[in-house]
J.: 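Before I ask anything, let me first share the structure, which is written out below as structure tokens.
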Amino acid sequence: QAQLTESGGGLVQAGGSLRLTCKVKGRTFNGYAVGWVRQPPEKDLEFVAGLLWSGDSSEYADSVKGRFTISRGNARNMVVLQMNSLQPDDPATYYCATDFTFRVQTTPGTSDDWGQGTQVTVSS
């Protein structure tokens, strides 16, 4: 089974930026949908951004459009989430997830493989 590892979380002031990375061990992302979901404190999982590794398009939640960018890393085992203009609504545990059918967007929480999450905190 693939092992996903997120990194890059931390504390940032409102308006600041963070860069999250997701690396997979045991295989590559080739052929998979890869995405980020987040879980704010005491709230449900919500889709943030995702892409099909073999495709050209990416998808974003309305709340992060224009601020967050998901991209492929230099190697086939890394995905990056660049988060700019962070707001007080963005703090959460951010998870990387993969599956074959983009369930990371349609039904967050049902993807096949997950990382352990990385914490993002935004101070006002």
Side-chain angles (χ1 to χ4, degrees):
Q1 188 173 359
Q3 180 180 350
L4 302 179
T5 304
E6 304 96 336
S7 62
L11 171 64
V12 65
Q13 286 189 329
S17 299
L18 284 174
R19 181 176 181 267
L20 305 185
T21 62
C22 172
K23 292 185 178 180
V24 62
K25 186 176 182 180
R27 59 166 170 83
T28 68
F29 285 130
N30 193 33
Y32 285 82
V34 186
W36 292 88
V37 297
R38 66 186 181 186
Q39 187 165 27
E42 301 181 1
K43 294 185 178 180
D44 293 333
L45 281 169
E46 59 184 29
F47 170 73
V48 176
L51 56 79
L52 291 173
W53 187 264
S54 303
D56 296 326
S57 64
S58 54
E59 300 290 336
Y60 296 91
D62 288 342
S63 59
V64 307
K65 281 181 181 176
R67 300 188 298 122
F68 291 11
T69 303
I70 187 171
S71 62
R72 298 165 185 80
N74 292 331
R76 290 187 295 174
N77 68 334
M78 188 169 76
V79 168
V80 176
L81 183 68
Q82 179 66 42
M83 306 189 298
N84 298 328
S85 302
L86 283 159
Q87 299 173 358
D89 289 341
D90 293 320
T93 301
Y94 282 71
Y95 298 92
C96 177
T98 69
D99 59 71
F100 285 114
T101 55
F102 228 125
R103 296 193 307 279
V104 63
Q105 179 185 25
T106 57
T107 50
T110 65
S111 293
D112 299 317
D113 298 303
W114 290 79
Q116 82 289 348
T118 186
Q119 186 68 39
V120 171
T121 305
V122 180
S123 64
S124 56

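Side chains included, hydrogens not; waters and symmetry mates left out as well; all remaining heavy atoms used.
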J.: Count I, L, V, M, F, W, Y as connected when their side-chain heavy atoms are under 4.5 Å apart, and connections chain through other members. Are Phe100 and Val34 then in the same cluster?
T.: yes

J.: For the CE atom of Met78 and the OG atom of Ser71, what is their distance to the nearest 0.5 Å?
T.: 8.0 Å

J.: Please list all pairs meeting salt bridge (Lys or Arg N to Asp or Glu O under 4.0 Å) that have one or both residues in residues 47-63, counting only residues at least two apart or in different chains.
T.: Asp62-Lys65

J.: For Tyr95 and Trp114, take the angle between the two ring planes, folded into 0 to 90°, and tell me which bin it lands in: parallel under 30, tilted 30 to 60, perpendicular over 60.
T.: perpendicular

J.: Would you indicate whether the side-chain heavy atoms of Glu6 and Trp36 approach each other to under 4.5 Å?
T.: yes

J.: Please report the shortest heavy-atom distance between Ser85 and Asp90, naming the atom on each side.
T.: O-OD2, 4.3 Å

J.: To the nearest 0.5 Å, what is the distance between CZ on Arg67 and CD on Gln82?
T.: 12.0 Å

J.: Flag the pair Leu51 / Ser57 as yes when at least one side-chain heavy-atom distance between them is below 4.5 Å, and no otherwise.
T.: no

J.: Identify the residue among Thr101, Leu52, Thr98 that makes a side chain to side chain contact (heavy atoms under 4.5 Å, CB included) with Tyr32.
T.: Thr98

J.: Would you indicate whether the side-chain heavy atoms of Val79 and Ile70 approach each other to under 4.5 Å?
T.: yes

J.: So which pairs with a foot in residues 52-82 pass disulfide bond (SG atoms under 2.5 Å apart), sequence neighbours left out?
T.: none

J.: Quick one: list whatever passes ring pair (Phe, Tyr, Trp, His ring centres under 6.0 Å) with Phe68, sequence neighbours left out.
T.: none

J.: In terms of heavy-atom contacts, does CG of Asn30 have more than 12 from other residues, nucleotides or ligands at under 6.0 Å?
T.: yes

J.: Determine whether Val37 and Val120 fall in the same hydrophobic cluster, where Ile, Leu, Val, Met, Phe, Trp and Tyr are linked whenever their side-chain heavy atoms lie under 4.5 Å apart.
T.: no

J.: Could you give all pairs that pass the salt bridge (Lys or Arg N to Asp or Glu O under 4.0 Å) test and reach residues 105-123, with sequence neighbours left out?
T.: Arg27-Asp113, Arg103-Asp112

J.: Output a table of donor-acceptor pairs, distance under 3.5 Å, between side-chain atoms of residues 11-24 and any protein atom two or more places apart or on a different chain; print 'none' if there are none.
T.:
from	atom 1	to	atom 2	distance (Å)
Ser17	OG	Asn84	OD1	2.9
Thr21	OG1	Ser7	OG	2.7

J.: Indicate yes or no: at least one non-hydrogen side-chain atom of Val48 is less than 4.5 angstrom from one of Tyr60.
T.: no

J.: Hey, does Val122 have a side-chain heavy atom less than 4.5 Å from the side chain of Gln87?
T.: no

J.: Quick check on the hydrophobic clustering: are Leu81 and Leu86 connected, directly or via other members, by side-chain heavy-atom contacts under 4.5 Å?
T.: yes

J.: Would you tabulate the side-chain donor-acceptor contacts of residues 39-47 under 3.5 Å, counting partners in other chains and residues two or more places apart, or write 'none'?
T.:
from	atom 1	to	atom 2	distance (Å)
Gln39	NE2	Lys43	O	3.0
Glu46	OE2	Arg38	NE	2.5
Glu46	OE2	Arg38	NH2	3.0

J.: Could you check if a side-chain atom of Phe29 sits within less than 4.5 angstrom of a side-chain atom of Leu4, using non-hydrogen atoms only?
T.: yes

J.: Specify the closest pair of heavy atoms between Val104 and Asp99, including all atoms of both residues, with the distance to one decimal.
T.: N-OD2, 3.0 Å

J.: Would Arg76 and Trp53 count as a cation-pi pair here, with the cationic atom under 6.0 angstrom from the ring centre and within 45° of the axis?
T.: no

